[in-house]
Every structure is written in structure tokens, then in C-alpha cells.
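A short write-up of the structure that comes next.
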Amino acid sequence: MDSPRFISTLQAALEEMFRMMDKDGSGKLTYTEFRDSFRTLSYGLNDNDINMLIALADEDLDELISWQEFIPIGINAIKTFYSRNIAKG
């Protein structure tokens, strides 16, 4: 999960997801766009997980999540939730 190839592939997928969910092309996601983007993933995220991600991602508290805020949180979240789901078996 920490291999450079995995991280690169995951980042590319998140970049594409960010572009698709940024409906107005502003370069920032509203909380609704952010929630919708993570609900589309099949990593077993529930609303509490997504709310936690929003709290972590919106570092400047402007109620928008920029590209720079999104990518590190997205990578770490997917790795964490993927590992959690593997452990659940």
C-alpha cells in the first residue's frame, strides 16, 4: 500500500475524481461535492468517516476543499479505510 506505484496510481485516480466532482471548475470542492465524491468510492465509507475527512481536509475552515487539501487526505483516507475493510475480512 505504500509502494510508489500504488501511490501514483491512487493520486491519478483522485485527480480524476476531483476534476469530475468540481462541477463549477472552481478548483475547490464544496462539502456536498466532497461528500458525493467519497460516497462514489467502494471503500465502505460511512457518513461519520466522510465528516471526519471534511474536518481534516478543510484546514483553512473556508468550507471549501482545495486540491492541495484534498489529495493528501484522500490518499491517507483510502489507505486507512482499505486496510480497515481488509481486516474485517
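Along the sequence shown, residues carry numbers from 1. Both backbone and side-chain heavy atoms feed into the values below; hydrogens, waters and symmetry mates do not.
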Next on the checklist: Let me check something: do I71 and I50 share a hydrophobic cluster, defined by ILVMFWY side-chain heavy atoms less than 4.5 Å apart, either directly or through other members?
Outcome noted: yes

Checklist entry - CD1/I75 to CD/Q11 distance, rounded to the nearest 0.5 angstrom? => result 5.0 Å

Next on the checklist: Can you give me the closest heavy-atom contact between I54 and F34, atom names plus distance?
Outcome noted: CG1-CD2, 3.3 Å

Next on the checklist: Can you pull out every salt bridge (charged side-chain N to carboxylate O under 4.0 Å, His left out) where at least one residue sits in residues 12-23? Sequence neighbours excluded, please.
Outcome noted: E16-R19

Item to check | From L10 atom CG to R5 atom CZ, the distance as rounded to the nearest 0.5 Å | outcome: 13.5 Å

Checklist entry - If you round to the nearest 0.5 Å, how far is CG of D60 from CD of E69? => result 4.5 Å

Checklist entry - Any side-chain heavy-atom pair from T30 and R35 closer than 4.5 angstrom? => result no

Checklist entry - Run the side chain to side chain contact (heavy atoms under 4.5 Å, CB included) check on L14 and F18 step by step: do they pass? => result CA-CA 6 Å; L14 287 170; F18 188 93; over 6 Å; no

Checklist entry - Are W67 and M20 connected in the hydrophobic side-chain network, where two residues link if heavy atoms are under 4.5 Å apart? => result no

Item to check | Transitive ILVMFWY side-chain link Y31 to M52, under 4.5 Å | outcome: yes

Checklist entry - Which atoms form the tightest heavy-atom contact between I73 and L53, and what is the distance? => result CG2-CD2, 3.8 Å

Checklist entry - What residues form a salt bridge (Lys or Arg N to Asp or Glu O under 4.0 Å) with D62, not counting sequence neighbours? => result K28

